[in-house]
Amino acid sequence: MRLRKTTACHFKRKRGKSLGSDYFGAMPLYVLPEGTDAGAQIPAHLSQVPIPLITTTMDCFNKSVKGKVISQDPLVSVAADDFMLKTVIQEDPAPGASSQYMSISVVVLGALAKEFSETVNQGDVLVASGFTVEESSAAQDRTLHPCHLLLSGNDACLYVCRQLPPSDPKSPSANMKKTTRSTEVVRRPNVTKYTYVKLDELKDQTVVSLYGVVVFFKQPFKSRGTDFCSSLKITDQSNLKIVCTIFCDKLENHPKIFQIGDIIRLHRVKAQLFNSSMTLLNTHGFSVVTFDGAVGGPVEPRASSLHFHFDKEDRRIVKELRSWAATQTLRPPLPTIPLSAVQPRTYFDLTCQLLSKAVIDSTCTLLRVWDGTRCSRPLLRVIVERSSVEGPSSFSRQKENLIANVLVYDNHVMVARELKPGDFLRIYNLRAIPGASKVPGLTSNQLEDQDHLAFHLHGGTAYGRGIRVLTFEKFQEQEESVDDTEMLEMWCTPPETLGEDTVDSMTVMSCSHSAQPTTLSQVKRSGPGGTHHVRVQLKSYQPRRLYQALKLYCSKCKSIVEVPDDELVADLFSESCTDTSSCSLPPWVLYGQLEPGNPNCTVNIHMSAELTARGTPTELLFISGATLKDMCLLAEDYPNIVPVRSSEGRLALFDLSAPFLIRGRKKFFGCKRCSEATVQEPSEEVEVIDEKVIAEALGVQLLQFVLLMKLELQDATDTLDVFLWRDAELFFGLSAEDSAVNQEAQRYIEQTMALLCPPEGSKGGRPWLNLCLTAYSGEDENGHPQTCYQVLHSKVNRTFSTQTEQDPA
DNA sequence: GCTTAGGGTTTG
């Protein structure tokens with residue numbers, strides 16, 4: 001078994017260091033040797049839960065779930081260096097057992113998802129731990145569990161047990177027995193070394209693999225047969241231009257081509273002579289990967305299949321083709337132009353955001369879009385019935401001036417049906433048409449708009465005509481090339497708030513900086529030392545469970561430590577209960593015993609002579625021989641309980657793994673590093689006895705409860721991990737100390753996070769947040785400098801009501 | 001299992 005550091009070790013190493021963004025980073029995936037029994041290799045503290053018994057209310061601590069990988073979706077890149085992957089695992093049914101809910105979806109997030117995609121094959125046996133259980137929104141059948149496992153963050157852990165191939169895949173007898181599907185199941189990495197041919201080496205009826213530069217492409221369109229069809233033309237250093245046709249029933253398996261100049265790698269395509277020209281057609285086992293064509297840009301494969309071969313040699317070929325292509329005139333001078341640069345009667349590609357849409361008739365759909373720029377010509381208004389509009393049916397006058405009405409026809413109507421308001425689109429071969437052209441169902445008052453521009457996407461796929469929904473990264477890439485701050489602002493502003501007097505936000509800032517709002521990509525470029533105001537959405541946050549966000553902070557040595565577990569504390573106290581050795585008492589102590597509730601224990605009470613002299617003997621009690629439960633019961637009646645024990649014949653405090661003080665429901669802890677604890681009574685001068693006074697008297701460096709969360713923020717330009725820590729109490733409007741003991745407060749924080757980051761697919765979407773960020777120099781886990789970010793001076797627009805609070809400790 | 005399309009001189 002490949003051993004990795006555990007998250008606990010990871011944490012320990014970080015103690016006392018400034019907060020780096022790796023704080024929640026390490027997520028292990030263990031690969032067990034082939035053929036081993038997964039069960040024998042899994043840590044013994046994990047107890048396996050059968051898949052049908054999984055519920056959202058189960059305690060996931062030290063639990064594991066085991067199953068065979070029966071399907072895997074491709075790795076989804078949700079942001080730079082952040083990934084998501086969905087897989088389904090299935091448990092072998094016990095003989096005679098019902099087959100209900102024998103399989104469950106597993107959603108893996110972050111770096112673990114990437115590692116998973118590179119490591120795990122269908123058929124492997126998986127053991128997952130450190131997961132949470134969520135209700136699944138996916139359509140369910142009787143075999144698939146209505147919940148899914150979420151593996152995210154620190155505790156997520158996967159053990160992979162490889163299945164040995166049933167036999168030599170190359171042997172003819174094995175091939176006879178196997179279906180196409182099972183060859184995929186046992187596909188091993190690194191078995192095939194591909195050789196790539198140049199376009200002038202193609203021979204009729206041969207199956208080859210090759211690289212090329214895209215010089216023409218159509219978005220996949222529905223063929224008359226069963227598949228979608230992608231049609232493209234590619235070239236390479238041989239300067240031949242070859243038409244390539246790809247049939248595939250799944251859209252996601254089609255080449256992800258965004259623009260002319262993209263690099264494409266094709267595996268297992270067949271060369272065919274057609275009309276005396278060589279053409280290429282996909283054949284069995286076909287796969288495709290594409291890359292951006294920009295010289296010097298990152299070589300990031302855009303693949304749909306989970307298993308694809310990619311190595312240094314591929315990287316070299318991509319770079320070589322890019323350099324070659326740069327010397328050719330392949331790229332159109334303007335790949336896409338903004339609305340502000342559109343000329344009447346021209347065809348162009350438009351990158352835009354869909355605001356609303358309306359079906360006009362069976363052959364025509366209206367898309368209302370904008371790209372943040374103002375068209376130099378007035379835009380045609382198209383009036384449609386309110387009831388047929390999906391999305392807002394009207395916008396303010398100011399917004400209307402920015403909105404282009406795009407009429408899409410025929411085959412594009414089907415594509416338009418799938419679009420959702422808010423989607424970012426690229427519309428290829430869009431035509432700008434002046435005047436009130438005939439639009440089905442339009443009223444005569446449209447004639448007023450004779451000079452106004454309308455936009456048509458004609459039927460058919462000629463000239464690459466089509467619509468593509470842009471992924472976040474693609475949009476971001478487009479964004480980076482825009483050097484117009486006004487447009488940046490537009491892009492970054494949610495449509496529903498632009499131009500309105502009140503800019504809604506779930507948060508308000510209380511800082512005095514006059515910083516102008518900026519984008520996350522600008523924040524990233526600025527480096528450490530600055531303060532920034534951003535308008536963002538909360539994409540995700542860690543940890544998901546509030547108790548994991550509660551930490552203890554030492555203001556002296558600046559370290560952050562975990563809150564000791566109640567069970568461990570209880571064990572410590574219980575252990576000392578059995579210790580009956582006597583000890584000498586300090587001269588200031590008055591001693592008494594309590595009626596033993598438990599015959600094995602003697603609860604000893606020690607009081608301060610000073611306080612007794614003042615007439616308040618029970619204001620501070622030093623208690624030994626009591627369990628945690630007893631201590632807590634005493635704390636209900638006495639304001640300050642200090643747990644003590646006998647150590648080497650003397651009265652002593654516990655090791656600081658235990659609370660040094662219990663006040664009501666609150667437990668207070670001391671810093672192990674900064675405390676020199678001894679049993680002492682408070683000095684004479686003090687009037688009010690509180691945790692600070694007691695800590696000082698005992699030589700304990702008091703630890704402060706803090707909330708520590710990592711938020712992943714997003715806007716249209718980028719994503720950014722920031723910490724919520726120093727001002728977390730301000731952010732939520734309640735104290736971390738209270739939230740440690742108050743269930744209402746805990747629920748309030750969890751509800752607030754759910755409001756800021758509603759689950760996928762919920763109504764209303766993610767709210768926008770105005771936040772003040774500070775950038776500072778921190779360290780990563782290797783002690784290398786790294787810029788970290790914190791949310792400061794920002795408060796959620798919500799109030800925690802303490803009315804329901806019964807016991808304010 | 002086979003087919004689909006085979007770029008294109010757009011035009012509501």
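The sequence lines fix the lettering, A, B, ..., with proteins before strands; numbering per chain opens at 1. The basis for the numbers below is simple: all heavy atoms, side chains too, and nothing from hydrogens, waters or symmetry mates.
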Measure [atom1]/[X] against [atom2]/[N] and give the value in whole Å, please.
X: Asn411(A); N: dA5(B); atom1: CG; atom2: P; result: 12 Å
X: Asp249(A); N: dC2(B); atom1: CG; atom2: P; result: 15 Å
X: Phe217(A); N: dG7(B); atom1: CZ; atom2: C1'; result: 12 Å
X: Phe216(A); N: dA5(B); atom1: CZ; atom2: P; result: 15 Å

Among [options], which is the nearest nucleotide to the side chain of [X]?
X: Thr245(A); options: dG8(B), dG6(B), dG7(B); result: dG6(B)
X: Lys233(A); options: dT4(B), dG12(B), dG8(B); result: dG8(B)
X: Asp410(A); options: dG7(B), dG12(B), dG6(B); result: dG12(B)

Is [X] touching bases, backbone alone, or none of the nucleic acid, heavy atoms closer than 4.0 Å?
X: Tyr347(A); result: base
X: Gly459(A); result: base
X: Lys218(A); result: sugar-phosphate

Practice problem: For residues 203-243 of chain A, pull every pair meeting ring-ring contact (aromatic ring centres under 6.0 Å, His included), keeping only residues two or more places apart or in separate chains. | Solution: Tyr196(A)-Tyr211(A), Phe217(A)-Tyr428(A)
Practice problem: Mark yes or no for a side-chain to base donor-acceptor pair under 3.5 Å between His456(A) and dG12(B), with no hydrogen or angle criteria applied. | Solution: no
Exercise. Could you pull out all residues at least two apart from Ser238(A) that satisfy side chain to side chain donor-acceptor pair (under 3.5 Å)?
Key: Asp236(A)
Quiz prompt | Candidates Val214(A), Leu210(A), Leu266(A) - the one meeting side chain to side chain contact (heavy atoms under 4.5 Å, CB included) with Cys244(A) | solution = Leu266(A)
Self-check item: Contact check, side chains of Arg468(A) and Lys256(A), non-hydrogen atoms, under 4.5 Å
Solution: yes
